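Keep in mind the model is a prediction, meaning the values are calculated, not measured. Atoms considered below: every heavy atom in the structure, side chains included; atoms not considered: hydrogens, waters and symmetry mates. Start at 1 with the first residue, then count along the sequence.
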Amino acid sequence: MAIPDIQTADTVEKIFIGKGEQPAWLTLALANRHGLVTGATGTGKTVSLQVMAEGFARAGVPVFAADIKGDLSGISEVGEAKDFIIKRAQDMGLVFQADQFSTVFWDVFGEQGHPVRATVSEMGPLLLSRMMDLNDVQEGVMNIAFKVADEQGLLLLDMKDLRAILTFIAEHAGELTTQYGNVSKQTVGTIQRQLLVLENQGGDKFFGEPALDLKDFMRTDRDGRGMVNILVADKLMQSPRLYATFLLWMLSELFEQLPEAGDPPKPKLVFFFDEAHLLFNDAPKALMEKIEQVVRLIRSKGVGVYFVTQNPIDVPDKVLAQLGNRVQHALRAFTPRDQKAVTAAAETFRPNPKLDTAQVIMQLGKGEALVSFLEGNGIPAVVERVMVRPPTARIGPITPEERKSIIDNSPVKGKYDTTIDSESAYEILQKRVAGAGGGGSGGILGQIGAIVGTIFGTSTPRNRLSTGQVIARNVTRSVTNQVVGGVVADLGKSVGGSIGGSVGRAIVRGALGGLLRR
């Protein structure tokens, strides 16, 4: 097949990745069967990731990628016709032509991109426990806290809400023990200390409103190209557990929100998970099973997940078996463990009689890779040695000035930049302590009855919706996820901002919690 121009090398059905004896193509219709990009540091993984991201974007597929070192940010700027890039293109029979891609930058800390937030309720007790490295007993208390919050109609939006509900259950431990089991103040105190650690790592910036609307990751630009969403993760990587849990939460939310898509002609979204080993390190068995389940099932939602890590053995076998599209850069074998890793990597490919795969893995130069993509009916192609084509956008990081210009002209500018502090668990419990909530009797269970009673409007004036009535009306995601810009700011302290989301999470607490019930 003739490939005269590097920008037109891709077809409507395939992405041109590189060339060896034969061109290497990634089929769009099979791209939601997931993939793996591996190799030692400095062997070209980031360039391969950028080439794939460019190809998906050209095909109209939105991309989300974590950028650990800042190198991927160059995809937003016009490429440079450097000598080595021109030569590599010519060696493949291509004419280099520079390009750039519409990009949105995101940052949990809100420093180098739009803030990314989730509510505590959306995260749920399972992932929060994972994030804070809680043991089984502490996780049990966390589940009780969420249960009580749901029954009390208390919204858990940010860290102070979670602290407030934990204090509440510690103060009512005697009443709760008969219904939920033992709740010790010592355990609650331990969780509170772990929350302090999480806050110091940036958790206080991550939890809150307006919460991220994942539809904002699934945009195309005015030319019909997929938007490239880059999570600035250099600072986030200093808290690896927060990083891994955040990306796992994103996957579970995508699974929960997207409709079934079957086998679309191209993915709805492609998700690149850099430093993927962090997702699996020290993960308990129950969480590992859920990760495997989400990765397996999210394919049917039209989402492709591509793990980027140094070695295939970083990924558990059950997950590895689901990653059909493989790009393997060089590995070095200086120790017996390294040699074992090379052998394991070679065995993950469909053998090519012309190649000694294990030997070639150690001989690959920078920019070279062994590739095997799915073809036909989803069968892996035999492994081939190829030279990865050069990216058309800039290789390497952009300047702070360029980044600021992109953020200032972003399609989501203003939607997430101002924090909203809605009335939630902390404020409501503070009012109760101050006596503003009335001195009703019956302890915690009696208070639950009062909340339920308001659903029918029997205990509040008709001129304002009660909390219970809002619950009944808004069993949906947060209203703040459905409005933008100034409308969000005008909502102020509206209790309707998230009440529906709270009840929704009580029914199915995210995809991971929901899968436990499937």
Practice problem: Kindly say whether Glu253 contributes a backbone atom to a donor-acceptor pair with the side chain of Glu256 at under 3.5 angstrom? | Solution: no

Quiz item: So how far is it from Ile15 CD1 to Arg58 CZ, rounded to the nearest 0.5 Å?
Solution: 9.0 Å

Quiz item: Taking the side chain as C-beta and beyond, is there a heavy-atom pair between Met387 and Arg88 under 4.5 Å?
Solution: yes

Self-check item: Candidate pair His114 and Phe105, rule side-chain contact (heavy atoms from CB on, under 4.5 Å), full reasoning
Solution: CA-CA 6 Å; His114 300 291; Phe105 290 104; 5.8 Å; no

Self-check item: Over 12 foreign heavy atoms within 6.0 Å of CD, Glu13
Solution: no

Quiz item: Say you draw a straight line from CG of Leu72 to CD1 of Ile395; how long is it, rounded to the nearest 0.5 Å?
Solution: 11.5 Å

Self-check item: Any Ile298 side-chain heavy atom under 4.5 Å of Leu254 side chain
Solution: yes

Quiz item: Just how far is it from atom CG of Asn281 to atom CD of Glu275, taken to the nearest 0.5 Å?
Solution: 10.0 Å

Self-check item: Arg117 to Phe207, cation-pi by 6.0 Å centre distance and 45° axis angle
Solution: no

Quiz item: Taking the side chain from Asn32 and the backbone from Pro267, do they hold a donor-acceptor pair closer than 3.5 Å?
Solution: no

Practice problem: Would you kindly say whether Glu402 and Ser405 are connected by a side-chain donor-acceptor distance under 3.5 Å? | Solution: no

Quiz item: Minimum heavy-atom separation for Asp274 to Tyr243, with atom names?
Solution: O-OH, 2.5 Å

Self-check item: N-O pairing of Asp10 and Arg389 below 4.0 Å
Solution: yes

Self-check item: Non-hydrogen side-chain atoms of Met132 and Val197 separated by less than 4.5 Å
Solution: no

Exercise. State, with a plain yes or no, whether a side-chain heavy atom of Met123 is found less than 4.5 Å away from one of Phe206.
Key: yes

Quiz item: How are the rings of Phe217 and Trp106 set to each other: parallel, tilted or perpendicular (split at 30° and 60°)?
Solution: perpendicular

Self-check item: Exceeds 12 heavy-atom contacts within 6.0 angstrom, atom CG of Asp408
Solution: yes

Practice problem: With side-chain contact (heavy atoms from CB on, under 4.5 Å) as the test, would you mind laying out the steps for Met52 and Tyr306 before giving the verdict? | Solution: CA-CA 10 Å; Met52 295 169 75; Tyr306 287 72; 3.6 Å; yes

Self-check item: N-O pairing of Asp133 and Arg130 below 4.0 Å
Solution: no

Quiz item: Is the gap between the ring centers of Trp25 and Phe16 under 6.0 Å?
Solution: yes

Self-check item: Flag, side chain of Gln50 to backbone of Arg394, donor-acceptor distance under 3.5 Å
Solution: yes

Self-check item: Heavy-atom closest contact (Val342 atom, Ala333 atom, distance)
Solution: CG2-CB, 4.1 Å

Quiz item: Going by atom types alone, do Asp213 and Tyr416 pair a side-chain donor with an acceptor below 3.5 Å?
Solution: no

Self-check item: Backbone N/O of Ala345 and side chain of Thr348: donor-acceptor pair under 3.5 Å
Solution: yes

Quiz item: Checking side-chain contact (heavy atoms from CB on, under 4.5 Å) for the pair Arg241/Leu198: CA distance, chi angles, key distance, verdict?
Solution: CA-CA 10 Å; Arg241 194 174 291 272; Leu198 184 59; over 6 Å; no

Quiz item: Under 3.5 Å, is there a donor-acceptor pair between the side chain of Thr119 and the main chain of Glu122?
Solution: yes

Quiz prompt | Side-chain touch Val228/Phe56, heavy atoms, less than 4.5 angstrom | solution = no

Practice problem: Would you tell me whether Thr41 and Gln310 have side-chain atoms, one donor and one acceptor, within less than 3.5 Å of each other? | Solution: yes

Quiz item: What pair of heavy atoms forms the shortest contact from Ser129 to Glu139, and how long is it?
Solution: OG-CG, 3.3 Å

Quiz item: Just by distance, with hydrogens left out, do Thr392 and Glu54 show a side-chain donor and acceptor under 3.5 Å apart?
Solution: yes

Quiz item: In terms of side-chain geometry, is the basic nitrogen of Asp71 or Lys45 positioned less than 4.0 Å from the acidic oxygen of its partner?
Solution: no

Quiz item: Within a strict 4.5 Å, meaning less than it, do heavy atoms of the Pro391 and Val47 side chains meet?
Solution: yes

Quiz prompt | Nearest atoms (heavy-atom pairs only) where Ile230 meets Asp67 | solution = CG2-CB, 3.5 Å

Exercise. Begin with the C-alpha distance, continue with both residues' side-chain angles, and end with the deciding distance and a verdict on salt bridge (Lys or Arg N to Asp or Glu O under 4.0 Å) for Asp99 and Arg225.
Key: CA-CA 12 Å; Asp99 203 354; Arg225 290 182 167 192; 2.9 Å; yes

Quiz item: In terms of heavy-atom contacts, does CG of Asp91 have more than 12 from other residues, nucleotides or ligands at under 6.0 Å?
Solution: yes

Self-check item: Validation row, ring centre Phe64 to ring centre Phe272 under 6.0 Å
Solution: no

Quiz item: When you look at CD of Glu111, are more than 12 heavy atoms from neighbouring residues, nucleotides or ligands closer to it than 6.0 Å?
Solution: yes

Self-check item: Pair His329, Thr38: side-chain N/O donor-acceptor within cut-off below 3.5 Å
Solution: no

Self-check item: Salt bridge Asp234-Lys69, side-chain N to carboxylate O under 4.0 Å
Solution: no

Quiz item: If you measure only the distance, is there a donor-acceptor pair under 3.5 Å linking the side chains of Lys87 and Gln90?
Solution: no

Self-check item: Side chains of Val371 and Val383 in contact at under 4.5 Å (non-hydrogen atoms)
Solution: no

Self-check item: Cation over ring face, Lys235 and Phe109, 6.0 Å, 45°
Solution: yes

Quiz item: Between the side chain of Lys318 and the main-chain N/O of Glu292, is any donor-acceptor distance below 3.5 Å?
Solution: no

Exercise. Return the minimal non-hydrogen interatomic distance between Ala244 and Leu278, and the atom names on each side.
Key: CB-O, 3.5 Å

Quiz item: So does Asn200 have more than 12 non-hydrogen atoms from other groups sitting under 6.0 Å from CG?
Solution: yes

Quiz prompt | Polar side-chain atom of Thr27 near backbone of Ala29 as donor-acceptor pair, under 3.5 Å | solution = no

Quiz item: OG of Ser73 to CD1 of Ile406: how many Å apart, nearest 0.5 Å?
Solution: 8.0 Å

Quiz item: Backbone N or O of Pro259 within a donor-acceptor pair of the Lys301 side chain at under 3.5 Å?
Solution: no

Self-check item: Rounded distance (nearest 0.5 Å) linking atom CD1 of Ile17 with atom CZ of Phe373
Solution: 4.5 Å

Exercise. Drop me the distance from Ser252's OG to Leu127's CG, to the nearest 0.5 angstrom.
Key: 5.5 Å

Exercise. For Thr343 and Ala341, indicate whether the former's side chain and the latter's backbone hold a donor-acceptor pair under 3.5 Å.
Key: no

Quiz prompt | Candidates Asn229, Val61, Leu269, Val303 - the one meeting side-chain contact (heavy atoms from CB on, under 4.5 Å) with Met218 | solution = Leu269

Quiz item: For Glu260, does the CD atom have more than 12 heavy-atom neighbours from other residues, nucleotides or ligands under 6.0 Å away?
Solution: yes

Quiz item: Taking all non-hydrogen atoms of both residues, which atom of Val382 and which atom of Pro351 are closest, and how far apart?
Solution: CG1-O, 3.5 Å

Self-check item: Arg296 backbone acceptor or donor facing Gln322 side chain under 3.5 Å
Solution: yes

Self-check item: Within residues 328-351 or reaching into it, pairs that qualify as salt bridge (charged side-chain N to carboxylate O under 4.0 Å, His left out) - sequence neighbours excluded
Solution: none

